[in-house]
Each structure stands twice: as structure tokens, then as C-alpha cells.
Amino acid sequence: MIRFGFSVAENEAPPPSGFDLGHMDVRGDQGEASSRYRTPDQAMMIYLSLPLLMDGLRRFLPGRGRSFTTAAVDSSFSLTFRRGKDGSIETLHDGTVIDRSSAEDLASAVHTGAERFAAPRLPLLPEDDAGREDLEKSLDEFGHFVAQLRRGERR
């Protein structure tokens, strides 16, 4: 089962900002990938990278496209999602498969990880922070999308 974790980099100075750098950790049945401890540093603008991931998956998963690659903001870290002939979705980093899962399981894992990241952190950002606004909007839209997948609806 695939799991996503998101965090703000330990060396980010206060006050919190929607442009803070952070990390993405992905663990699956076939491997794992992380933006941490890489040379060059692959920390990303986490509050802006999460909406790119969720918005991209919201377009890719119900479609017919063969693959989708999401890049992180201000980082070279990326993930590729590839649709199998059986409808399963492979999650890859640097060409290595991390997991194969259903669209619903993948979307649920991303949403769960994003919610766990956002719940304690978004209230710390100013209400008019662009990163906060983008992430709140994407979380809401992606949450509705995940609910549709769970009900078996296609957009």
C-alpha cells in the first residue's frame, strides 16, 4: 500500500510562509523515494508543490493518458504516474517503480498525506498567504475528487 508524507524542512526559519521549503516521502510495496538527503538538495516549495501534485492527479486519473509527471516547485524532485493496461497506476521515481495501486488507493494516499501535513500547518500561515490559499483550494477540490472515486464515479 502506498503512503505519502509531506513536511517542512527542519532548517526553515520562522515565521512560517507559503514559500517554505519542505520534503516529500513516498513509500510503496516495491520501494520508496524521498526528496531528503540528496545532492543537489531537492527540498521543494512544499505548499506550492502539493497543489501541483493533487491538481495533476485530478486531471490524470480519470482520463486515458498513459502517464503524468509532476515536478516540485524550486526542486528537481519529480514523480511519474503510469497507467497500466489493467487500469492500475504505477508510481515511479527516476524510472524505479515504488508502487502499483488503484487510482482510488493512490488518490486516497495523497489526500491523507496532504491532510496530515496541512491540518497543523495551514493555521500558522497568514490567511492571505498565496501558498495557503492554493493548498486550501486544492485540498478541497481533491477531497471531492477522492469521494467521487470512492463512490465509483468518473468525471
Side-chain angles (χ1 to χ4, degrees), residues 1-10 18 20-38 41-125 131-155:
M1 173 172 242
I2 193 162
R3 295 181 310 277
F4 285 79
F6 308 99
S7 62
V8 171
E10 297 81 17
D20 282 347
L21 295 178
H23 294 284
M24 182 182 306
D25 301 293
V26 186
R27 289 183 177 79
D29 291 339
Q30 299 175 38
E32 59 185 56
S34 177
S35 61
R36 300 172 190 276
Y37 317 118
R38 295 184 173 265
D41 185 13
Q42 291 187 0
M44 65 196 71
M45 290 186 180
I46 194 67
Y47 291 97
L48 303 178
S49 296
L50 267 169
L52 285 179
L53 172 63
M54 291 185 289
D55 295 349
L57 285 173
R58 195 164 42 87
R59 287 187 299 274
F60 169 68
L61 292 175
R64 296 185 188 268
R66 300 256 323 144
S67 67
F68 159 66
T69 298
T70 184
V73 176
D74 200 29
S75 172
S76 59
F77 186 83
S78 66
L79 293 173
T80 297
F81 303 93
R82 187 168 58 200
R83 190 181 321 276
K85 291 181 181 175
D86 63 355
S88 66
I89 307 295
E90 287 183 327
T91 301
L92 302 94
H93 174 67
D94 285 345
T96 302
V97 176
I98 298 167
D99 195 79
R100 177 174 292 156
S101 49
S102 68
E104 179 185 341
D105 287 347
L106 172 61
S108 293
V110 169
H111 189 252
T112 297
E115 285 282 347
R116 286 184 180 150
F117 170 77
R121 288 175 185 81
L122 284 180
L124 304 175
L125 299 178
R132 176 180 178 162
E133 291 172 352
D134 285 354
L135 183 51
E136 286 174 333
K137 182 176 185 282
S138 290
L139 269 172
D140 181 58
E141 291 172 350
F142 201 69
H144 290 293
F145 172 71
V146 171
Q148 288 177 326
L149 286 177
R150 288 181 179 146
R151 291 191 302 264
E153 297 175 16
R154 288 287 194 198
R155 291 176 17 141

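Just so you know, these numbers use all the heavy atoms, side chains as well, and skip hydrogens, waters and symmetry mates.
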With rounding to the nearest 0.5 Å, note down the distance linking CD in Glu133 to CG in Leu122. 11.0 Å
Just checking Arg116: does its CZ atom have more than 12 heavy atoms from other residues, nucleotides or ligands closer to it than 6.0 angstrom? no
So which heavy atom on Ala107 is nearest to which on Leu61, and how close? CB-CD1, 4.0 Å
Which atom pair, heavy atoms only, marks the closest approach of Leu50 to Ala114? CD2-CB, 4.1 Å
Identify the two heavy atoms, one from Leu48 and one from Pro51, that lie closest to each other, and give their separation to 0.1 Å. O-CD, 3.3 Å
Interatomic distance, CE@Met44 vs CG@Leu52, rounded to 0.5 Å, equals 10.5 Å
Side-chain heavy atoms of Glu115 within contact of Thr112, under 4.5 Å: no
Any non-hydrogen side-chain atom of Gln30 less than 4.5 Å from a side-chain atom of Thr91? no
Derivation of the side chain to side chain contact (heavy atoms under 4.5 Å, CB included) call for Leu135 and Arg121: CA-CA 11 Å; Leu135 183 51; Arg121 288 175 185 81; over 6 Å; no
Any carboxylate oxygen within less than 4.0 angstrom of a Lys/Arg side-chain nitrogen, looking at Asp140 and Lys137? no
Less than 4.5 Å apart, any side-chain heavy atom of Ile89 and any of Arg83? yes
Any side-chain heavy atom of His93 within less than 4.5 Å of one from Phe77? yes
Can you list the steps and then say if Arg36 with Ser7 is a side chain to side chain donor-acceptor pair (under 3.5 Å)? CA-CA 10 Å; Arg36 300 172 190 276; Ser7 62; 2.6 Å; yes
Please determine whether the number of non-hydrogen atoms from other residues, nucleotides or ligands lying under 6.0 Å from atom CZ of Arg151 exceeds 12. yes
Donor on one side chain, acceptor on other, Gln42 and Ser76, under 3.5 Å: yes
Mutual orientation of the aromatic rings belonging to Phe142 and Phe145 [parallel < 30°, tilted 30-60°, perpendicular > 60°]: tilted
Side chain to side chain contact (heavy atoms under 4.5 Å, CB included), that's the test. Do Asp99 and Glu90 meet it? Break it down for me. CA-CA 6 Å; Asp99 195 79; Glu90 287 183 327; over 6 Å; no
So, for Ser88 and Asp86, which heavy atoms are closest and what is the spacing to 0.1 Å? OG-OD1, 2.7 Å
Step by step, work out the side chain to side chain donor-acceptor pair (under 3.5 Å) result for Ser35 and His23. CA-CA 5 Å; Ser35 61; His23 294 284; 2.8 Å; yes
Using modelled atom types only, decide if a donor and an acceptor are shared between the side chain of Asp29 and the backbone of Met1 within a distance under 3.5 Å. yes
Go through Ser108 and Arg150 one step at a time and tell me if the side chain to side chain donor-acceptor pair (under 3.5 Å) criterion holds. CA-CA 9 Å; Ser108 293; Arg150 288 181 179 146; 3.1 Å; yes
Which pair of heavy atoms, one from Ala118 and one from Leu139, lies closest together, and at what distance? CB-CD1, 3.4 Å
With a 4.5 Å limit on heavy-atom distance, are the side chains of Asp25 and Glu32 in contact? no
Phe81 vs Leu53, side chain to side chain contact (heavy atoms under 4.5 Å, CB included): CA-CA, chis, key distance, verdict: CA-CA 11 Å; Phe81 303 93; Leu53 172 63; 3.8 Å; yes
Working to the nearest 0.5 Å, report the span between CG of Leu106 and CD1 of Ile2. 5.5 Å
Of all heavy-atom pairs between Ser34 and Arg38, which one has the smallest distance, and what is that distance? O-NE, 2.5 Å
Would you confirm whether Ser49, through its side chain, and Val73, through its main-chain N or O, come within 3.5 Å as a donor-acceptor pair? yes
Candidates Asp94, Leu57, Ile98 - the one meeting side chain to side chain contact (heavy atoms under 4.5 Å, CB included) with Leu79: Ile98
Would you please indicate if the ring centroids of Tyr47 and Phe117 are separated by under 6.0 Å? yes
CZ of Arg132: more than 12 outside heavy atoms within 6.0 angstrom? yes
Side-chain touch Thr70/Phe60, heavy atoms, less than 4.5 angstrom: no
